[in-house]
There are 2 protein chains.
Amino acid sequence: MLSNACKYAIRSILYLSIYSDKTNKIGVKKIAEELETPQPFLAKLLQQLTKNKLVSSTKGPNGGFYLSDENRENSIWDIVENIDGVKKFNQCFLGLSKCEDANPCPVHYIAAPFKNKILSDFRDKSIARFTSEIIDTNKVLSLKDYDALKLD
Amino acid sequence: MLSNACKYAIRSILYLSIYSDKTNKIGVKKIAEELETPQPFLAKLLQQLTKNKLVSSTKGPNGGFYLSDENRENSIWDIVENIDGVKKFNQCFLGLSKCEDANPCPVHYIAAPFKNKILSDFRDKSIARFTSEIIDTNKVLSLKDYDALKLD
DNA sequence: CAAAAAAAAGATATTTTTATCTTGAATTAT
DNA sequence: ATAATTCAAGATAAAAATATCTTTTTTTTG
Ligand code: FES
Ligand code: FES
């Protein structure tokens, strides 16, 4: 449903949201290691996300990527739009050209509620809120295998 | 989540389940037109599905593809396994290597119930039952755009 | 200022998915 | 039998997604 690129992007931004700020930037190398994603590919992605104001960056020593307060006001949905485009998500689970109640495919009534739920979660919460919920519930919500992002 | 190939396969088999039997076979050309899928690609798929006993076929004039009673005892899940493999479906929505309650990603508790629901629907019902439910509810459950498969 | 660090940009490569084409084999109707 | 029809099989092609490499630019630190 989401491309690898998009998954990497979401994970990166959630990671940056938890661990970075203006005074604590993080380089691609570190991010790629933490999230176990291909480094140069992630670099390209972050480049694109930066150009589109979803993440921030500075060059030079102690430079790297981080999320500004403005960046944190975006939603996960903004990331999806940026990388995969909107269509990807509105598509029918079985590949019909339109997914709508008026013309449901055989699994529409199973798939549609899920899509709506994910969609509203992605669209209605800011990155900031999404992140604080992760932190507040104090669950081990890892971004890569095992508990890499365990908040202790 | 599912590949195009797999979507084509599922739609084809549901189509054949509704419209074909031993005495009424349907050619690739017709199927591809009805489902609006690329014809030679679908031919390859049907070939594979036939080899793997998920559909039946005969050559020659009035030949074509159809579902035998045995074919109808398979599940949608069998199709998915055949084309995309099992893994595809067990994957984490954000791309972690494992999707499990013990190590949930930030959207796990939204995605997991959906996956379980689809999975059980796909796995526990035979094609035959799936199809008769489509017919019985008498809904316009089309397999391609608009109401191509409207059961009147 | 010079050197090092790090992202930006652009080019290239690999892999996977999707799609097509060509030839061969089986079946049926005439 | 023969010709027509339709699937089978294998080779090939095109497109998209994923991944890497090289060079340039910016920034910071010493
Ligand atoms: S029409 Fe297929 S998922 Fe909605
Ligand atoms: S861990 Fe991500 S969907 Fe289950």
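In what follows, chains are A, B, ... by sequence order, proteins preceding strands, each numbered from 1.
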Discussion item. Suppose we screen for side-chain hydrogen bond (donor to acceptor under 3.5 Å, both in side chains). Which residues come up paired with A:D101, at least two apart in sequence or across chains?
Written reply: A:H108
Response to the item:
Its 5'-most and 3'-most nucleotides having an atom under 4.0 Å from a non-hydrogen atom of chain B, DNA chain C is contacted over C:dT18 to C:dA29
Worksheet entry | Members of residues 38-60 of chain B that approach DNA chain C, where some heavy atom sits under 4.0 Å away | B:P38, B:P40, B:F41, B:K44, B:K59, B:G60
Worksheet, complete the sentence: Across all chains, not counting sequence neighbours, the side chain to side chain contact (heavy atoms under 4.5 Å, CB included) partners of A:S126 are A:E73, A:A128, A:R129
Discussion item. Go nucleotide by nucleotide along DNA chain D from the 5' end; which of B:G63 and A:K25 gets its closest nucleotide reached first?
Written reply: B:G63
Worksheet item: Can you list every pair that meets ring pair (Phe, Tyr, Trp, His ring centres under 6.0 Å) and has a residue in residues 67-86 of chain A, with sequence neighbours left out?
Response: A:W77-A:F89
Worksheet entry | Along DNA chain D, first and last positions that approach a heavy atom of chain A under 4.0 Å | D:dT18 to D:dT29
Worksheet, complete the sentence: Across all chains, not counting sequence neighbours, the side chain to side chain contact (heavy atoms under 4.5 Å, CB included) partners of A:T58 are A:K25, A:Y66
Worksheet entry | side chain to side chain contact (heavy atoms under 4.5 Å, CB included) partners of B:D124, counting only residues at least two apart | B:S120
Worksheet item: Any side-chain heavy atom of A:I13 sitting closer than 4.5 Å to one from A:V55?
Response: yes
Item to complete: Not counting sequence neighbours, which residues clear side-chain hydrogen bond (donor to acceptor under 3.5 Å, both in side chains) with B:K115? List them please.
Response: none
Discussion item. Which residues pass the ring-ring contact (aromatic ring centres under 6.0 Å, His included) test with B:F65, not counting sequence neighbours?
Written reply: none
Worksheet item: Does anything in residues 30-51 of chain B pair up under ring pair (Phe, Tyr, Trp, His ring centres under 6.0 Å), and if so which pairs, sequence neighbours excluded?
Response: B:Y8-B:F41
Item to complete: Could you pull out all residues at least two apart from B:S3 that satisfy side chain to side chain contact (heavy atoms under 4.5 Å, CB included)?
Response: B:A5, B:C6, B:I83, B:D84, B:K88
